Amino acid sequence: MNNAFSALKISDKVYWVGAIDWGLRNFHGYKTSRGSTYNAFLVLGEKVTLIDTVKPKFYDEMMSRIRSVIDPADIKYIVSNHSEMDHSGAIPQVVRDLNIEKVFASPKGVEALNEHFALGDILETVKTGDKISLGGATLSIIETRMLHWPDSMFSFYEEEGILFSNDAFGMHLATAERYAEELDPWIIRYEAAKYYANILLHLSPIVLNLLNKLPSFNLDIKMIAPDHGPIWRRPNDIQMILDWYREWAEQKPTRKAVVIYDTMWESTAKMAAAVADGLICGGATVELMPLEGTHRSDVVTELLDAGALLVGSPTMNNQIYPTVADVMNYVKGLKPKNLVGASFGSHGWSGEATKHLDAMMKEINIDVLDEGIKHKYVPTKDALMACRELGLLVAKRIVQ
């Protein structure tokens with residue numbers, strides 16, 4: 001029996017009993033450079049309740065933490081705020097090993113959990129406005145559909161003011177600390193932004209709708225406990241993460257320009273440098289990102305507070321260069337808004353990459369300023385000057 005891990009008491013009746021994934025580096029295409037946590041919470045009432053679980057391989061770690069507080073057999077309820085496998089994956093084994101009476105989930109959550117695990121009659125549906133009585137403790141339910149799955153919901157522990165927010169307000173960050181104020185503020189801001197950009201950006205209208213509706217629920221929030229990353233418990237920190245989400249959801253354009261490119265024989269790299277110089281001379285803030293050493297998830301993170309996206313690609317087999325196409329396909333799915341765009345690139349005997357990039361940016365609803373600048377083979381002084389002028393033109397649009 002594994003007894004190597006301990007729970008952390010976060011309130012009078014609530015314990016953190018999750019798992020730390022120090023080694024995670026890829027979360028379905030999102031580069032998690034600092035690992036992650038899978039937060040699960042134990043609520044002590046007459047009906048002891050487990051709020052979410054962990055990835056199956058961390059089942060023993062979670063159970064060890066639970067044993068440091070109670071006999072796991074005392075757990076009677078599970079509340080599944082989100083049925084994605086990093087939070088629901090251990091539910092079947094918990095149900096098998098313990099005398100669980102009910103697993104609560106939203107309507108779509110019940111559907112998903114049955115499709116994942118065929119849990120059957122143990123599942124009980126809850127909806128917005130429903131309350132789960134734990135005996136001396138009450139959980140209020142708020143469905144948060146499509147934030148970020150159809151099943152997503154919040155559960156609010158009324159007596160202690162704890163909002164269990166599943167993936168909302170979280171981040172991928174493996175640390176020994178459990179609270180936001182214990183961590184470097186820059187890391188907190190960056191990892192929260194990276195999480196929003198890569199998971200929630202395309203859902204920004206729904207995020208704004210939730211933020212606007214949240215006051216109507218009259219929740220006296222003392223703590224926000226997400227399913228990934230640190231817990232927010234200081235009033236200023238709680239307000240800070242709510243304000244950040246509003247800022248990111250609104251996607252107001254700034255003077256920042258993100259320039260991404262890849263290159264075969266350095267010609268497109270030279271063009272990218274000239275574009276960047278024009279942007280800088282025009283007063284823009286520039287993030288130049290060569291894709292040889294830049295991950296797609298870092299590009300999207302930089303786009304979160306940008307006003308422009310400029311993309312450089314050589315033409316390969318009449319198409320966009322593979323690394324550039326990969327990033328642009330990823331960006332397309334996340335639907336950034338309020339961006340100005342332009343393309344550029346060197347080519348050999350044909351030059352279709354800029355045409356394809358322009359079409360792709362228009363499909364994403366990026367405001368493409370002009371036809372892309374393309375040049376055959378090594379760019380001349382005139383070609384580099386045209387790239388610089390392109391940077392100046394974009395800067396004129398985004399610098400206020």
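Just so we're clear, the structure is a prediction, and the values are computed from it rather than from any experiment.
Within the model, atoms NZ of Lys332 and CE of Met360 stand 5.5 Å from one another, a figure rounded to the nearest 0.5 Å. In this structure, OG1 in Thr49 is found 9.0 Å from CD1 in Ile100, a value given to the nearest 0.5 Å. Of the inter-residue distances, the one linking Trp232 atom CH2 with Leu242 atom CG reads 9.5 Å to the nearest 0.5 angstrom. Here CG of Asp167 is found 12.0 Å from CE of Met171. Values are rounded to the nearest 0.5 Å.
Within a 6.0 Å radius of CD in Glu250, other residues, nucleotides and ligands contribute more than 12 heavy atoms. More than 12 heavy-atom neighbours from other residues, nucleotides or ligands sit within 6.0 angstrom of NZ on Lys256. Annotation: Arg145, atom CZ; neighbour count of heavy atoms from other residues, nucleotides and ligands within 6.0 Å does not exceed 12.
Using a distance-only test at 3.5 Å, with no hydrogens or angles considered, a donor-acceptor pair links the side chain of Arg296 to the main chain of Gly29. Under the 3.5 Å distance criterion, the side-chain polar atoms of Ser152 are left unmatched by any main-chain donor or acceptor of His82. Side-chain atoms of Thr128 never come within 3.5 Å of backbone atoms of Ile142 as a donor-acceptor pair (strictly under, hydrogens ignored). The closest donor-acceptor contact from the side chain of Asp71 to the backbone of Ala73 lies under 3.5 Å. Side-chain atoms of Glu160 come within 3.5 Å of backbone atoms of Lys13 as a donor-acceptor pair (strictly under, hydrogens ignored). Not one N or O on the side chain of Ser313 forms a donor-acceptor pair closer than 3.5 Å with the backbone of Val324. Distance alone, capped at 3.5 Å, places no donor-acceptor pair between the Ser64 side chain and the Asp60 backbone. In this structure, Thr254 contributes its side chain and Asp305 its backbone to a donor-acceptor pair below 3.5 Å. Under the 3.5 Å distance criterion, the side-chain polar atoms of Asp358 are left unmatched by any main-chain donor or acceptor of Glu371. Although no hydrogens or angles enter the test, the distance criterion places a donor-acceptor pair under 3.5 Å between the side chain of Asp130 and the main chain of Lys127.
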Practice task
Report the C-alpha separation of Val299 and Leu291 in whole Å, then their side-chain angles, then the decisive distance to 0.1 Å, and conclude whether the side-chain contact (heavy atoms from CB on, under 4.5 Å) test is met.
Solution key: CA-CA 9 Å; Val299 170; Leu291 296 182; 4.0 Å; yes

Exercise for the section: Walk me through it: do Met264 and Ser346 pass the test side-chain contact (heavy atoms from CB on, under 4.5 Å)? Expected result: CA-CA 9 Å; Met264 295 174 71; Ser346 172; over 6 Å; no

Exercise for the section: Go through Glu101 and Lys47 one step at a time and tell me if the salt bridge (charged side-chain N to carboxylate O under 4.0 Å, His left out) criterion holds. Expected result: CA-CA 9 Å; Glu101 295 175 6; Lys47 298 288 188 179; 2.9 Å; yes

Exercise for the section: Applying side chain to side chain donor-acceptor pair (under 3.5 Å), run through Ser204 and Tyr196 and close with a yes or a no. Expected result: CA-CA 9 Å; Ser204 288; Tyr196 187 96; 2.8 Å; yes

Practice task
Determine, step by step, whether Phe154 and Glu143 satisfy the side-chain contact (heavy atoms from CB on, under 4.5 Å) criterion, reporting the C-alpha distance in whole Å, the side-chain angles of both residues, the deciding distance to 0.1 Å, and the verdict.
Solution key: CA-CA 6 Å; Phe154 292 169; Glu143 292 176 79; over 6 Å; no

Practice task
Take Asp74 and Lys76, measure what salt bridge (charged side-chain N to carboxylate O under 4.0 Å, His left out) needs, and give me the verdict at the end.
Solution key: CA-CA 6 Å; Asp74 292 339; Lys76 299 305 176 189; 5.9 Å; no

Problem - Residues Glu111, Lys108; criterion salt bridge (charged side-chain N to carboxylate O under 4.0 Å, His left out); working and verdict - result: CA-CA 5 Å; Glu111 182 181 318; Lys108 285 292 184 180; 3.6 Å; yes

Exercise for the section: Evaluate salt bridge (charged side-chain N to carboxylate O under 4.0 Å, His left out) for Lys362 paired with Asp367, printing each intermediate quantity in order. Expected result: CA-CA 7 Å; Lys362 289 175 182 176; Asp367 183 7; over 6 Å; no

Exercise for the section: Quick one: do Arg246 and Asn212 satisfy side-chain contact (heavy atoms from CB on, under 4.5 Å)? Show the steps, please. Expected result: CA-CA 9 Å; Arg246 184 172 295 278; Asn212 291 334; 3.1 Å; yes

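Side-chain contact check for Asn3 and Arg65: no donor-acceptor pair (N or O, by modelled atom type) lies under 3.5 Å. Between the side chains of Thr323 and Glu292, no donor-acceptor pair of N or O atoms lies under 3.5 Å. Of the N and O atoms on the side chains of Asn338 and Gln251, not one donor lies less than 3.5 Å from an acceptor on the other residue. Side chains of Ser297 and Lys31: no donor on one and acceptor on the other come within 3.5 Å. If you check the side chains of Ser140 and Glu158, you find a donor sitting under 3.5 Å from an acceptor. For the residue pair Ser83/Asp151, the side-chain donor-acceptor check at 3.5 Å is satisfied. Checking His172 against Ser36 by side-chain atom types alone, a donor-acceptor pair falls below 3.5 Å.
Hydrophobic clustering, with ILVMFWY side chains joined whenever heavy atoms are under 4.5 angstrom apart, keeps Ile398 apart from Met361. No single ILVMFWY cluster, assembled from side-chain heavy atoms under 4.5 Å apart, contains both Ile373 and Val258. No single ILVMFWY cluster, assembled from side-chain heavy atoms under 4.5 Å apart, contains both Ile364 and Val340. Criterion: ILVMFWY side-chain heavy atoms under 4.5 Å apart, direct or through other members. Under it, Val368 and Val331 are part of a common hydrophobic cluster. With hydrophobic clusters built from ILVMFWY side chains whose heavy atoms lie under 4.5 angstrom apart, Ile260 does not share a cluster with Leu393.
Each of Val110, Val95, Leu50 was scored for a side-chain contact (heavy atoms from CB on, under 4.5 Å) with Val103, with one residue passing: Val95. When each of Asp227, Asp21, Asp86 is tested with Tyr38 by the rule side chain to side chain donor-acceptor pair (under 3.5 Å), just one qualifies, namely Asp21.
At least one side-chain heavy atom of Tyr261 sits less than 4.5 Å from a side-chain heavy atom of Leu288. Annotation: side chain of Leu392 is in contact with side chain of Cys281 (closest heavy-atom distance under 4.5 Å). Residues Thr294 and Pro290 are in side-chain contact: their nearest non-hydrogen atoms beyond the backbone lie under 4.5 Å apart. Side-chain atoms of Tyr330 and Tyr30, non-hydrogen and from C-beta on, do get closer than 4.5 Å to each other. Annotation: side chain of Glu287 is not in contact with side chain of Leu279 (no heavy-atom distance under 4.5 Å). For the pair Ser80 and Ile91, the minimum side-chain heavy-atom distance is below 4.5 Å. Met85 has its side chain within reach of His116: a pair of non-hydrogen atoms, C-beta onward, lies under 4.5 Å apart.
Aromatic pair His87/His228: ring centres closer than 6.0 Å. Aromatic ring centroids of His347 and His375 lie 6.0 Å or more apart.
Look at Lys252 and Glu247 and you find no salt bridge, because none of the NZ, NE, NH1 or NH2 atoms lies under 4.0 Å from a carboxylate O.
Applying the 4.5 Å side-chain rule to ILVMFWY residues, one finds Leu8, Ile10, Val14, Trp16, Ile20, Trp22, Phe41, Val43, Ile51, Tyr77, Val79, Phe104, Val126, Ile132, Leu134, Leu139, Ile141, Met153, Tyr157, Ile162, Phe164, Tyr179, Ile231 in the same cluster as Met223.
Smallest separation of non-hydrogen atoms from Thr354 and Gly372: CB-CA, 4.1 Å.
Under the 30°/60° scheme for interplanar angles, the aromatic rings of Tyr245 and Trp248 are found to be tilted.
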